[in-house]
Amino acid sequence: MNLNELVGYFKDDLFLPEIKADTKESVLEELVEPLLKNDIIKNKRVILETLKKRETLGSTGIGHGVAIPHCRTLAVSNVQLVVGHSEQGIVYKSMDGEPVHLFFLIVAPPQEKSNLYLPILGKLVEMLRDKDLRKRLQTIHDFNEFVTVFQGG
Amino acid sequence: MPKSQLELLVLYQDIQLMLYDAEEQKKMGFQVEGVEDLKIALSEMEETIQTRYIRTYERLKTRYTRPIAPVSKDVCLGCFATQPTSYKARAWSDKQIFTCENCGRILYWIH
Ligand SMILES: [Zn+2]
């Protein structure tokens with residue numbers, strides 16, 4: 001998975017420039033909302049339950065202000081990526097206890113022919129190890145700015 | 001109700017894929033609890049599935065992510081090759097395990 005392929009999964013419709021939620025649970029709900037709005041899922045219940053279940057196995061808040069909640073679920077038929085940003089940061093029970101500014105929600109079907117779930121997850125983690133990138137992403141305001149910064153512009 | 005060898009193999013494949021997902025995530029730095037439980041479940045299943053089936057499965061595993069393929073309307077959904085119609089009845093009645101003549105995957109009939 002290269003950078004351009006990953007960026008291809010970012011969608012304007014699946015981007016939240018400023019998250020309103022202020023708890024871990026409500027953040028997950030807000031991140032799932034665009035999937036419902038765009039008719040990608042039929043209801044939020046199953047997907048939310050699965051995401052919460054995943055969090056009980058270990059927080060997907062990987063530290064340094066980044067969280068990558070993810071799960072496989074029958075609720076989607078293709079890999080989907082929702083990006084959310086919070087200027088002030090949200091308490092998320094992260095590995096380092098720091099508030100989260102950047103959310104990348106990844107959901108994929110259980111039987112996935114394309115096999116993209118893990119490569120997308122891996123590429124995101126790799127990219128977000130870059131301290132500089134994380135810092136620049138914290139101050140973005142809209143989708144285009146997000147993509148430009150993510151691509152190193 | 002005791003599960004057939006094929007049902008157990010399908011379950012075995014599911015748990016293996018779950019374990020693979022979890023271990024890959026751990027390598028990336030995610031916290032994932034329960035990995036040990038999956039490993040225990042797998043080794044317990046290895047006791048209940050006949051060795052020759054495990055061997056076939058593991059051999060196929062080197063080639064395919066999912067060594068077991070569903071069959072629909074006599075077509076292997078792993079490679080889309082048509083299977084002899086007689087297989088289905090025999091698979092149901094004798095609980096015999098068949099592999100695809102074309103791709104070698106273990107077959108299970110979904111209807
Ligand atoms: Zn086949």
Side-chain angles (χ1 to χ4, degrees), chain A residues 1 6 24 50-74 76 79 81 92-98 100 102-131 134, chain B residues 6-42 57 60-73 75-81 100 102-111:
Chain A
M1 167 95 21
L6 174 62
K24 182 165 182 169
T50 317
L51 285 169
K52 283 177 202 163
K53 187 90 218 273
R54 172 63 187 85
E55 294 299 322
T56 64
L57 300 176
S59 179
T60 58
I62 55 171
H64 307 290
V66 178
I68 311 180
H70 58 266
C71 69
R72 288 194 190 269
T73 168
L74 283 170
V76 292
V79 184
L81 223 165
Y92 195 80
K93 297 188 189 104
S94 287
M95 291 181 195
D96 61 1
E98 293 294 317
V100 173
L102 294 164
F103 293 89
F104 297 85
L105 173 87
I106 306 173
V107 282
Q111 294 192 33
E112 183 205 352
K113 244 199 160 131
S114 54
N115 226 347
L116 287 161
Y117 177 59
L118 292 172
I120 289 176
L121 213 51
K123 187 67 188 171
L124 264 178
V125 171
E126 180 198 318
M127 292 294 297
L128 294 161
R129 281 202 190 106
D130 182 346
K131 192 177 166 186
R134 289 197 307 259
Chain B
L6 185 57
E7 284 172 314
L8 285 169
L9 268 175
V10 172
L11 204 57
Y12 186 74
Q13 171 175 265
D14 275 349
I15 299 174
Q16 265 204 351
L17 291 169
M18 273 183 225
L19 182 63
Y20 178 74
D21 260 13
E23 287 188 322
E24 288 300 304
Q25 289 177 33
K26 277 187 113 167
K27 277 188 218 157
M28 293 173 199
F30 285 102
Q31 293 174 335
V32 194
E33 277 173 38
V35 170
E36 286 311 309
D37 295 338
L38 290 176
K39 283 185 185 161
I40 292 167
L42 274 184
Y57 178 91
L60 287 164
K61 188 83 195 145
T62 60
R63 271 193 283 166
Y64 307 117
T65 321
R66 308 180 73 90
I68 307 174
V71 183
S72 177
K73 298 186 180 104
V75 170
C76 163
L77 296 183
C79 71
F80 300 104
C100 173
N102 183 52
C103 70
R105 286 184 180 89
I106 297 164
L107 300 170
Y108 75 92
W109 279 259
I110 47 178
H111 52 74

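Here is the naming used below: chain letters follow the sequence lines, and residue numbers restart at 1 for every chain.
Under the 3.5 Å distance criterion, the side-chain polar atoms of Gln31(B) are matched with a main-chain donor or acceptor of Ser59(A).
Options Arg129(A), Glu126(A), Arg72(A) differ in how many heavy-atom pairs under 4.5 Å they form with chain B, and the most are formed by Arg72(A).
In this structure, Lys93(A) places its NZ atom where only 12 or fewer heavy-atom neighbours from other residues, nucleotides or ligands lie under 6.0 Å away.
Heavy atoms of Ile62(A) lying under 4.5 Å from chain B belong exclusively to its side chain. With a threshold of 4.5 angstrom between heavy atoms, Asp14(B) does not approach chain A through any atom at all.
Among all heavy-atom pairs drawn from Met28(B) and Leu118(A), the shortest one is CE-O, 3.3 Å. When all heavy atoms of Phe30(B) and Arg54(A) are compared, the closest pair comes out as CB-NH2, 3.8 Å. Across all non-hydrogen atoms, the minimal contact from Thr56(A) to Glu33(B) is O-OE1, 4.4 Å.
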